[in-house]
Amino acid sequence: MMSSRYFALIPAAGVGARMSAGCPKQYLPLAGKPMLRHVLDTFAATPEIAHTYVVVSPEDGYIADVLSGASHLFDRISVIYHGGATRHQSVLNGLRAIGGQVGENDWVLVHDAARPGLNGELIGKLVCELRDDPVGGLLALPVVDTLKRGDGERRAQATVSREHLWAAQTPQMFRYALLRRALEQADAVTDEASAIEALGLQPKLVEGSPRNLKVTLPHDVALAELYLKGIA
Ligand SMILES: Nc1ccn([C@@H]2O[C@H](COP(=O)(O)OP(=O)(O)OP(=O)(O)O)[C@@H](O)[C@H]2O)c(=O)n1
Ligand SMILES: C[C@](O)(CO)[C@H](O)COP(=O)(O)O
């Protein structure tokens with residue numbers, strides 16, 4: 001059997017409501033370039049990644065500027081204008097769109113455009129740990145804080161054990177056919193691993209990094225910039 005290749009799929013069709021910026025947050029400038037450009041540059045510079053597909057909204061008016069003049073991306077990145085109403089739908093639409101270019105057993109690394117701190121070292125760690133795995137898996141961080149369950153009045157109702165709890169990151173890496181089937185069968189899920197779990201499978205957790213945070217709220221921008229500038 002031909003050895004499996006590795007592809008990246010970047011959901012980048014969100015509106016960034018929680019960021020409430022003047023543009024979708026994946027286009028906010030961070031450390032001198034748009035957030036999404038950090039992600040595209042990282043994957044383009046990773047030799048193991050055969051090609052990267054970025055899923056944007058059908059009405060997206062930003063991606064062309066992000067790619068303009070970036071000749072090093074021209075043969076490494078393809079844009080798919082089929083973003084959906086949810087992240088789940090955007091990823092599934094993207095998988096459907098690349099069906100003719102990606103083999104059933106090829107690996108797909110799904111990575112949030114909103115996680116610009118990903119680097120080649122983390123990609124290499126994920127690929128190395130999962131390349132022979134029968135299921136696939138994801139980067140994640142062990143929970144280190146004590147967790148409280150609150151009520152509607154922000155009163156702590158209980159302390160939740162953090163033992164064996166991990167905070168999911170991305171990339172989430174699964175073989176194409178399995179991932180597409182899982183997402184087609186799943187009800188609305190917030191990540192790919194949830195859909196795989198719904199099939200009764202157990203994705204492998206690979207320790208990620210705090211630098212791979214998801215830029216979600218306004219205060220995340222400064223922290224992300226510290227990582228991207230090499231200060232944190
Ligand atoms: N319909 C959607 C929603 C989200 N995403 C992408 O999924 C990633 C993680 O989602 P999130 O951080 O929630 O981004 P937004 O949905 O844009 O943020 P918000 O929930 O604050 O609107 C982001 O790269 C986002 O662009 C997507 O491709 N399609
Ligand atoms: C996929 C993810 O980043 C893993 O933590 C997260 O589920 C995305 O959630 P969001 O609500 O779409 O930001």
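Numbers for residues simply follow the sequence, beginning at 1. This one's a predicted model, so the numbers in the text were calculated from it and none came from an experiment. What's counted below: heavy atoms across the whole structure, side chains too, no hydrogens, waters or symmetry copies. All ligand and atom numbering here is 1-based and tracks the order in the structure.
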Novice: Using a 3.5 Å cut-off on N or O atoms only, is V215 in polar contact with ligand 1?
Specialist: no
Novice: Which protein heavy atom lies closest to atom 3 (O) of ligand 2, and at what distance to 0.1 Å?
Specialist: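 Its nearest protein heavy-atom neighbour is D112 OD2, 2.6 Å.
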Novice: Return the residue, atom name and 0.1 Å-rounded distance of the protein heavy atom closest to atom 17 (O) of ligand 1.
Specialist: G16 N, 2.8 Å
Novice: If you measure from each non-hydrogen atom of E192 to ligand 2, which part falls under 4.0 Å: side chain, backbone, both or neither?
Specialist: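 The answer is neither.
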Novice: Using 4.0 Å as the upper bound for N to carboxylate O, is an ion pair formed by E192 and R87?
Specialist: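 Yes, R87 and E192 are salt-bridged.
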Novice: Within the structure, is a non-hydrogen atom of T86 found at a distance of less than 4.0 Å from ligand 1?
Specialist: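 Yes, that is the case, since the closest heavy atom of the residue is under 4.0 Å from the ligand.
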Novice: Provide the number and element of each atom of ligand 1 under 4.0 Å from a heavy atom of S90.
Specialist: 1 (N), 2 (C), 27 (C), 28 (O), 29 (N)
Novice: Tell me the protein heavy atom at minimum distance from atom 6 (C) of ligand 2, and give that distance in Å.
Specialist: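 I find the closest protein heavy atom is T190 O, 3.9 Å.
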Novice: Run the salt-bridge test on D106 and R5 with the 4.0 Å N-O cut-off and return the result as yes or no.
Specialist: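 The answer is yes: the pair qualifies as a salt bridge.
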Novice: Show which atoms of ligand 2 fall inside a sub-4.0 Å distance from at least one heavy-atom site of R115.
Specialist: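 By the 4.0 Å cutoff, the relevant atoms are 2 (C), 3 (O), 4 (C), 5 (O).
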Novice: Is there a heavy atom of H88 sitting under 4.0 angstrom from any atom of ligand 2?
Specialist: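 Contact absent.
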Novice: Under 4.0 Å from any heavy atom of V15, which atoms of ligand 1 are there?
Specialist: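 That gives atoms 17 (O), 22 (O) of ligand 1.
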Novice: Just need the protein heavy atom nearest to atom 28 (O) of ligand 1, so name the residue and atom and give the distance.
Specialist: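 The closest heavy atom on the protein side is A13 N, 2.9 Å.
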Novice: What atoms of ligand 2 come within less than 4.0 Å of a heavy atom belonging to R87?
Specialist: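 Within the 4.0 Å cut-off of R87, ligand 2 contributes 1 (C), 12 (O).
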Novice: Run the numbers for me: atoms of ligand 1, each under 4.0 Å from some heavy atom of A114, listed by number.
Specialist: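 So the atoms of ligand 1 that pass are 24 (O).
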Novice: In plain terms, say whether R37 and D41 are close enough for a salt bridge, that is, a side-chain N and a carboxylate O under 4.0 Å apart.
Specialist: yes
Novice: Look only at interatomic distance and state if V55 has a nitrogen or oxygen under 3.5 Å from any nitrogen or oxygen of ligand 1.
Specialist: no
Novice: What is the closest protein heavy atom to atom 13 (O) of ligand 1, and at what distance does it sit?
Specialist: R18 NH2, 2.8 Å
Novice: How far is atom 12 (O) of ligand 1 from the closest protein heavy atom, and which atom is that?
Specialist: K25 NZ, 2.7 Å
Novice: Under a 4.0 angstrom heavy-atom cut-off, which atoms of ligand 1 come close to G84?
Specialist: 1 (N), 2 (C)
Novice: Between E104 and R175, does at least one N-O distance fall below 4.0 Å, as a salt bridge requires?
Specialist: no
Novice: Can a salt bridge be assigned to the pair E184 and R180 using a cut-off of 4.0 Å between side-chain N and carboxylate O?
Specialist: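 Between R180 and E184 there is a salt bridge, with a charged N closer than 4.0 Å to a carboxylate O.
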Novice: Please report whether ligand 1 has a polar contact with K214, defined as an N or O pair separated by less than 3.5 Å (distance criterion only).
Specialist: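 Yes, at least one N or O pair falls under 3.5 Å.
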Novice: Mind checking whether Y53 and H51 have ring centres under 6.0 Å apart?
Specialist: yes
Novice: Write out the residue and atom name of the closest protein heavy atom to atom 9 (O) of ligand 2, then the distance separating them to 0.1 Å.
Specialist: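 Sorting protein heavy atoms by distance from atom 9 (O) of ligand 2 puts K214 CE, 4.0 Å first.
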Novice: For atom 19 (P) of ligand 1, which of A17, P24, G14, A85 has the closest heavy atom?
Specialist: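 Selected option, by shortest heavy-atom distance: A17.
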Novice: Can you list the ligand 1 atoms lying under 4.0 Å from a non-hydrogen atom of A113?
Specialist: 24 (O)
Novice: How far is atom 6 (C) of ligand 1 from its nearest protein heavy atom, and which residue and atom is that?
Specialist: P11 O, 3.5 Å
Novice: Please identify which atoms of ligand 2 are closer than 4.0 Å to at least one heavy atom of R18.
Specialist: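 With R18 as reference, the close atoms of ligand 2 come out as 10 (P), 11 (O), 13 (O).
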Novice: Is the distance from the ring center of H111 to that of F43 below 6.0 Å?
Specialist: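 Ring centroids of H111 and F43 are less than 6.0 Å from each other.
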Novice: Suppose I only count heavy atoms of D191 and a 4.0 Å limit; which atoms of ligand 2 are within that range?
Specialist: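 In order of numbering, the contacting atoms are 1 (C).
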Novice: Should you measure from each heavy atom of A168, which atoms of ligand 2 turn up under 4.0 Å away?
Specialist: 4 (C), 5 (O)
Novice: With a 6.0 Å cut-off (strictly less than), is the heavy-atom count around CD of E121, excluding the residue itself, greater than 12?
Specialist: no
